[in-house]
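The next block holds one structure in the form of structure tokens; read it before the comments.
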Amino acid sequence: MLSKINHIGIAVSSIEEALPFYRDSLGMTFSGTEEVPSQLVKVAFLSVGESKIELLEPTSPDSPVAKFLEKNGPGVHHLAYGVEDIEAAIAKLSALGTRMIDAVPRNGAHGARIAFIHPKSSGGVLTELCEAHKDSH
Ligand code: CMX
């Protein structure tokens with residue numbers, strides 16, 4: 001069902017402040033920022049070989065990332081797996097009793113369709129399913 005680890009999401013208060021460490025100190029390739037209105041976040045993507053890191057900055061106090069930062073401070077927020085068919089993955093997990101936050105896919109960054117599994121159903125790790133847009137990887 002899963003094709004690869006698509007990205008690791010890291011919550012930050014400010015992309016501008018966090019970026020120099022990832023881009024300049026660690027030397028990751030920075031590919032720009034994007035606002036994701038459906039998730040109330042601004043994201044920055046950085047790549048390391050085939051792997052990606054997503055920095056997440058809340059755009060509203062109602063953002064799930066704002067709540068996470070308030071409770072935990074900055075740090076690893078979620079793990080995202082690539083799937084070929086997100087509806088099929090959601091249907092399979094739901095049938096197995098997995099608690100989905102999103103029973104219907106939402107629009108994520110880069111035109112991907114995404115759905116989250118509740119951390120209470122995935123061993124405390126907020127888990128994202130990510131069906132990449134057909135023109136991106
Ligand atoms: N990782 C692991 N556990 C988490 C978590 C996270 N990122 N965020 C919350 N939790 C845990 C909390 O610690 C809490 O556990 P306890 O009850 O044991 O204390 C429980 O989940 C409930 O958390 P909460 O703080 O009360 O927060 P909410 O219930 O309001 O929301 C969640 C939690 C996961 C349902 C919500 O954050 C959500 O819907 N997330 C999915 C969407 C999202 O995170 N979007 C941002 C990224 C978007 C993108 O990548 O494009």
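Atoms within a ligand are numbered from 1 in the order they appear, just like the ligands themselves.
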Heavy-atom proximity to atom 44 (O) of ligand 1 ranks first, among E128, H77, Q39, H78, for H77
Measure from the side-chain N and O atoms of E34 to the backbone N and O of A109, and report whether any donor-acceptor pair falls under 3.5 Å.
-> no
Of the listed options N72, V41, V36, I101, closest to atom 39 (O) of ligand 1 (non-hydrogen atoms) | I101
Any sub-3.5 Å donor-acceptor pair from T127's side-chain atoms to I117's backbone N or O?
-> no
Any idea which heavy atoms bring E131 and I86 closest together, and the distance?
-> OE1-N, 2.8 Å
Per-atom contact, atom 6 (C) of ligand 1, protein heavy atoms, under 4.0 angstrom = yes
Specify whether the nearest protein heavy atom to atom 37 (O) of ligand 1 is under 4.0 angstrom away.
-> yes
Using distance alone, determine whether K120 and ligand 1 share an N or O pair under 3.5 Å.
-> yes
Please could you name the atoms of ligand 1 that V65 approaches to less than 4.0 Å, counting only its heavy atoms?
-> 46 (C)
Which protein non-hydrogen atom lies closest to atom 31 (O) of ligand 1, naming both residue and atom, and how far is it?
-> K67 NZ, 5.0 Å
Test item: side-chain donor near acceptor, H77 and E54, under 3.5 Å | no
Identity and separation of the nearest protein heavy atom to atom 8 (N) of ligand 1 = F68 CD1, 4.0 Å
Looking only at protein heavy atoms, which one is nearest to atom 11 (C) of ligand 1, and how far off is it?
-> P119 CG, 4.1 Å
Counting each atom of ligand 1 from 1 as listed, which ones have a heavy atom of L56 under 4.0 Å away?
-> 47 (C), 49 (C), 50 (O)
Minimal heavy-atom distance between V41 and L56, with the atoms involved, is CG2-CD2, 4.3 Å
Does the S63 side chain pair with the main chain of T59, one donor and one acceptor, at a distance under 3.5 Å?
-> no
Does any N or O in the side chain of H118 come within less than 3.5 Å of the main-chain N or O of K120, such that one atom is a donor and the other an acceptor?
-> yes
Here the atoms of ligand 1 under 4.0 Å from any heavy atom belonging to G124 are 2 (C), 3 (N)
Do the side chains of L40 and P58 get nearer than 4.5 Å, heavy atoms only?
-> no
The reported gap from CG in N6 to NZ in K52 (rounded to nearest 0.5 angstrom) is 4.0 Å
Considering all protein heavy atoms, does one lie under 4.0 Å from atom 14 (C) of ligand 1?
-> yes
Within the 4.0 Å heavy-atom cut-off, what L40 brings close to ligand 1 is neither
Report all side-chain donor-acceptor pairs from residues 9-25 shorter than 3.5 Å, counting only partners two or more places apart or in another chain.
| unit_1 | atom_1 | unit_2 | atom_2 | d |
| --- | --- | --- | --- | --- |
| S14 | OG | E16 | N | 3.4 |
| S14 | OG | E17 | N | 3.0 |

Heavy atoms only: which of K71, E34, H118, R99 is nearest to atom 12 (C) of ligand 1?
-> K71
What part of V125, side chain, backbone, both or neither, has a heavy atom within less than 4.0 angstrom of ligand 1?
-> neither
